[in-house]
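What follows is a set of notes on a single structure, which appears directly below.
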Amino acid sequence: MVRPLVLQAVKEAITSAQHAGELPSFMPLPEIHIEHPRQPEHGDYATNIALQLARTARMSPQHIAATIARHITSADLQAEAVNGFINFRLSPAFLAAQVEHILQQGERWGEINLGNGRKAQVEFGSANPTGYATLGTGRNVVVGDVLANTLAASGYQVHREWYVNDAGSQIRVFGESVFARYAQALGLDEPMPERGYHGDDVAEIGRIIAEREGERFLHLPRAEAIRAIAEIGVALVMDQIKRTMQRLGVHYDNYFSEKSLWASGLGDQMLARLQQKGLILQHDGALWFSEDGSPIRSSQSDAEETPTTDEAGKRLPVQAVVMRSSQVAPLPEERPTYFASDIAYAYHKVILRGFNPAIYVWGEDHQASVERLYAVARALELPEGSIKVVIYRFITLMRGGVEVRMGKRKGNALLIDDVLDEIGTDAFRYIMLARSVDTKFTFDIALLQEQNEKNPVYYIQYSHARICSLEARAVAEGWEQDRTASLHYTHPAELALIRKLLELPEVVELVANTLQPHHYPTYARDVAYLFSKFYEECRIKGASPSTVFARLQLARATRLTLAKVLKLMGLSAPEKM
RNA sequence: GCGCCCAUAGCUCAACUGGAUAGAGCACUUGACUUCGGAUCAAGGGGUUGUGGGUUCGAGUCCUGCUGGGCGCGCCA
């Protein structure tokens with residue numbers, strides 16, 4: 001990576017200036033930021049360190065910048081002090097050497113080492129197994145998958161997991177819904193349950209069970225039949241979800257059952273541990289987790305919303321139910337709350353399996369759970385920073401210019417499979433990635449086909465295919481007469497392209513640190529654009545032997561870069577289109 | 001009522017986490033190949049970054065008031 005080299009040069013220059021008595025000693029030296037200036041005439045990298053030091057040094061920023069710039073000795077970096085900034089320009093020789101470096105790295109180009117081989121997990125998808133995977137889950141899955149790719153490219157050993165919420169009353173309601181559809185498929189007039197799941201997917205599952213299993217569940221006691229059918233239904237839903245994930249190009253290492261946390265006894269074990277710490281309290285017949293053991297503030301069902309902050313706006317300790325009372329939940333298996341399972345699950349991830357970080361990808365409807373999860377992490381004394389939650393904003397679905405409120409129970413949710421039928425995996429993934437997770441975006445199904453043809457993903461893939469074709473042609477027609485010439489680049493389009501290529505590891509680092517994958521599409525488009533410009537302005541065929549070689553090498557380095565960023569996004573890098 | 005998030009070009013979004021003249025795509029206007037893939041390239045119009053204050057050398061970015069929107073605050077899942 002280039003950035004650390006610049007950083008090192010700045011540090012050395014400051015030290016050198018201090019030895020020369022031209023700068024005072026700064027105790028402590030503030031963090032030095034090396035950034036890419038927006039304006040190309042400001043160079044390849046820049047730092048504002050002089051502006052930051054001006055106050056403590058009691059010198060003008062201009063003077064400090066000039067002093068530091070004077071002490072930059074690296075031959076690769078040309079330093080210039082302007083307006084208190086220090087701008088750096090990479091020498092053409094250095095840029096040429098970097099092209100060779102990229103080619104040497106090959107498929108590993110762009111990878112960095114933040115993890116040192118540590119185990120990391122990304123848990124994503126994890127939609128309730130009460131229906132097929134929907135559009136909202138699509139955003140979750142693609143974001144999670146790309147974060148996993150990024151950690152894998154950052155020196156982590158990455159584990160991908162889907163959490164199957166196969167416990168609780170929702171499964172009973174789902175079972176009742178499937179049972180009704182099953183009975184209807186067999187010609188009976190069975191009504192759907194209150195708050196049932198009305199989607200076509202649930203109806204399909206009812207039909208499948210009717211076909212495979214016949215009438216045998218009609219002869220069982222109702223509760224028993226529903227339990228059995230719920231189990232079969234969940235399995236069928238998960239089968240379909242797995243097929244959808246395969247279409248999306250996502251490979252999970254594990255599907256983790258919520259129920260297993262209680263079957264293994266880990267759930268109760270964790271509650272006992274927290275109880276010993278005095279953090280589990282009984283209240284109105286239910287068991288509560290109280291972050292600091294303070295009395296339960298409220299549980300009155302007719303009360304206003306329970307405040308989460310006090311009058312001064314300070315966050316109140318987290319309190320939440322872990323075990324429902326027998327009055328509310330007569331069935332023992334429906335007593336543990338989601339939150340109770342989350343406690344055991346977090347422990348299982350971080351302590352039993354050693355994932356650090358364990359990253360959760362959650363929709364914005366789970367934002368209230370984030371503070372709770374962090375409180376649990378503290379209570380269980382999980383290592384600081386081992387739990388990280390990414391919250392993404394919902395997708396607004398438009399049908400014919402009208403907003404549609406999607407709901408699994410209502411049965412009007414748009415399925416991933418249906419969208420994939422329309423536009424394919426690459427376009428779908430690109431759409432899901434191109435926006436910051438903090439932005440809610442609208443998905444207009446009427447404009448889908450029309451907009452799909454203009455999807456920037458094709459522009460990026462086209463560049464890749466074009467380079468492949470270019471290389472093949474160069475070989476076939478014997479363009480390269482001299483493969484030993486030293487690389488030399490002078491054309492602005494060449495230099496601009498090389499500079500952009502060199503940013504790849506920085507982009508990987510940025511995504512790894514911010515957990516925001518939308519930087520890849522932006523970057524990939526920039527690379528493709530600069531390549532097109534280079535391609536237009538710098539002819540290869542017919543140039544001098546050393547130029548042909550240098551430009552083909554640059555094209556190859558571009559292909560490696562595009563292939564890598566496409567791979568990070570989980571997109572195909574076609575050789576022909 | 002309280003909390004989290006969002007508001008940037010006609011539309012969809014960026015802006016490397018406080019830097020220098022806020023950038024792309026789409027749409028619109030105009031131009032460019034008898035040579036490497038036209039799914040391309042070049043040029044142009046389009047902005048008081050919702051709004052009022054504040055912090056500082058410097059704010060789309062941080063704090064704060066307001067406006068509009070999304071989500072949440074349950075012994076739902």
Side-chain angles (χ1 to χ4, degrees), chain A residues 33 35-39 41-42 46-48 51 54-55 60-61 82-85 87 128 130 165 168-171 173 195 283-288 298-299 301 303-311 313 315 320-325 327-329 335 337-338 363-371 391 393-394 396 409 431 434-442 444 447 451 453-456 458-459 461-463 465-471 473-474 477 479 503 506-507 509-510 513-514 516 518-519 521-523 525-526 529 532-533 535-537 539-543 551-552 555 576-577:
Chain A
H33 295 280
E35 61 198 11
H36 291 282
R38 271 209 275 252
Q39 272 70 40
E41 61 269 27
H42 290 143
T47 181
N48 60 355
L51 289 155
R55 176 160 296 193
S60 79
V82 181
N83 277 338
F85 292 89
N87 299 331
N128 290 342
T130 53
N165 297 114
S169 61
Q170 53 155 355
I171 292 299
V173 176
R195 300 193 69 224
H283 185 78
D284 284 352
L287 287 183
W288 288 67
S298 165
S299 71
S301 52
E304 296 284 304
E305 280 89 3
T306 309
T308 52
T309 54
D310 64 14
E311 295 82 0
R315 190 179 67 81
V321 173
V322 288
M323 282 287 175
R324 300 185 185 94
S325 65
Q327 288 90 355
V328 173
R335 278 183 208 146
T337 59
Y338 261 26
E364 63 177 323
D365 55 336
H366 286 77
Q367 51 166 274
S369 307
V370 177
E371 268 311 317
I391 295 285
R393 262 50 231 185
F394 283 153
T396 308
R409 289 182 193 269
I431 291 170
R435 295 146 176 92
S436 150
V437 292
D438 280 332
T439 307
K440 100 184 162 80
F441 73 90
T442 50
D444 194 324
L447 298 177
Q451 287 178 348
E453 289 160 21
K454 294 158 190 159
N455 194 317
Y458 302 121
Y459 178 79
Q461 292 178 323
Y462 174 73
S463 293
R466 203 187 214 182
I467 298 171
C468 291
S469 151
L470 179 67
E471 288 181 47
R473 191 141 181 197
E477 297 178 6
W479 293 357
E503 287 178 27
E506 297 169 11
V507 176
E509 187 178 34
L510 180 67
N513 286 334
T514 60
Q516 291 254 23
H518 73 272
H519 293 107
T522 308
Y523 175 70
R525 223 212 154 274
D526 286 349
Y529 167 71
S532 295
K533 208 173 158 77
Y535 182 85
E536 290 285 327
E537 296 184 20
R539 306 302 290 185
I540 298 171
K541 190 180 177 182
R551 288 183 175 169
L552 278 174
K576 284 195 176 109
M577 288 178 75

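Naming: A, B, ... by sequence-line order, numbering from 1 per chain.
- In this structure, CD of A:E453 is placed 13 Å from P of B:A39, rounded to the nearest angstrom.
- Searching all strands for a Watson-Crick or G-U wobble partner of B:G19 with both distances below 3.5 Å returns B:C57.
- Counting non-hydrogen atoms under 4.0 angstrom, A:S532 reaches the backbone sugars and phosphates but no base.
- At the heavy-atom level, A:E41 lies under 4.0 Å from base atoms of the strands shown.
- At distances below 3.5 Å, at least one donor-acceptor pair connects side-chain atoms of A:R335 with backbone N or O atoms of A:A329.
- Phosphate proximity of B:U40 to A:Y535: absent, as no side-chain N or O sits under 4.0 Å from OP1 or OP2.
- Side-chain atoms of A:Q170 come within 3.5 Å of backbone atoms of A:N165 as a donor-acceptor pair (strictly under, hydrogens ignored).
- Among the protein residues, A:A474 comes within range of no part of the nucleic acid, since none of its heavy atoms lies under 4.0 Å from any strand.
- Distances were taken from every side-chain heavy atom of A:H42 (C-beta onward) to each of B:G38, B:A20, B:C57; the shortest belongs to B:A20.
- Here A:M577 lies in heavy-atom contact (under 4.0 Å) with a base.
- Taking only side-chain nitrogens and oxygens, A:R466 comes nearer than 4.0 Å to OP1 or OP2 of B:G38.
- Map A:Q327 and A:R473 each onto its nearest nucleotide of RNA chain B; the residue landing nearer the 5' end is A:R473.
- For the pair A:R551 (side chain) and A:R539 (backbone), a donor-acceptor distance under 3.5 Å is present.
- Applying the 3.5 Å distance criterion, the base of B:G3 shares a donor-acceptor pair with the side chain of A:Q367.
- The side chain of A:Q39 places an N or O atom within less than 4.0 Å of a non-bridging phosphate oxygen (OP1 or OP2) of B:G23.
- Within the nucleic acid shown, A:T396 has no heavy atom closer than 4.0 Å to any nucleic acid atom.
- Distance from the side chain of A:Y458 is smallest to B:A39 among B:C76, B:A39, B:C75.
- One N or O on the side chain of A:S436 and one on the backbone of A:D438 form a donor-acceptor pair closer than 3.5 Å.
- Checked by atom type and distance alone, the side chain of A:Q516 pairs as donor or acceptor with a backbone atom of A:V437 at under 3.5 Å.
- Residue contacts shown for A:A329 are absent, as no nucleic acid heavy atom lies under 4.0 Å away.
- Considering only side-chain N and O atoms, A:R55 lies under 4.0 angstrom from the phosphate OP1 or OP2 of B:C57.
- Nucleotide B:C41 forms a Watson-Crick or G-U wobble pair with B:G31, both donor-acceptor distances falling under 3.5 Å.
- Counting atom types as modelled, A:D365 pairs no side-chain N or O with a base atom of B:G72 as donor and acceptor under 3.5 Å.
- The side chain of A:Y529 sits closest to B:C41 out of B:G23, B:U35, B:C41.
- For B:A20, the base is stacked against the aromatic ring of A:F85, per a cut-off of 5.5 Å between centres and 30° between planes.
- A:N128 comes within 4.0 angstrom of the backbone, heavy atoms only, and of no base.
- Here the closest heavy-atom approach between residue A:R195 and residue A:V173 is recorded as O-CG1, 3.3 Å.
- Anti is the classification of B:U49, since its glycosidic angle lies more than 90° from 0.
- One C1' atom belongs to B:G19, the other to B:C73, and the distance between them is 39 Å to the nearest Å.
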Heavy-atom protein contacts under 4.0 Å, nucleotides 7-17 of chain B, coded B base, S sugar-phosphate only, - none: -----SSSBBB
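- Proximity note for A:K541 (side chain, C-beta onward) versus B:U40, B:C5, B:U35: the nearest is B:U35.
- For the pair A:I391 CD1 and B:C73 P, the computed distance is 12 Å after rounding to whole Å.
- A:T47 places a side-chain N or O within donor-acceptor distance of the main-chain N or O of A:H33, the cut-off being under 3.5 Å.
- Checked against B:C71, B:A20, B:C41, the side chain of A:V82 finds its nearest nucleotide in B:A20.
- No engagement by A:N455 is indicated, since no non-hydrogen atom pair under 4.0 Å with the nucleic acid exists.
- At the heavy-atom level, A:R525 lies under 4.0 Å from the strands shown only through sugar-phosphate atoms.
- The two residues A:K440 and A:F394 make their nearest non-hydrogen contact at CB-O, 3.2 Å.
- Using Watson-Crick or G-U wobble geometry with both donor-acceptor distances under 3.5 Å, B:U51 finds its partner in B:G65.
- Position along RNA chain B of the nearest nucleotide to A:D438 versus A:Q170 favours A:D438 as the more 5'-ward residue.
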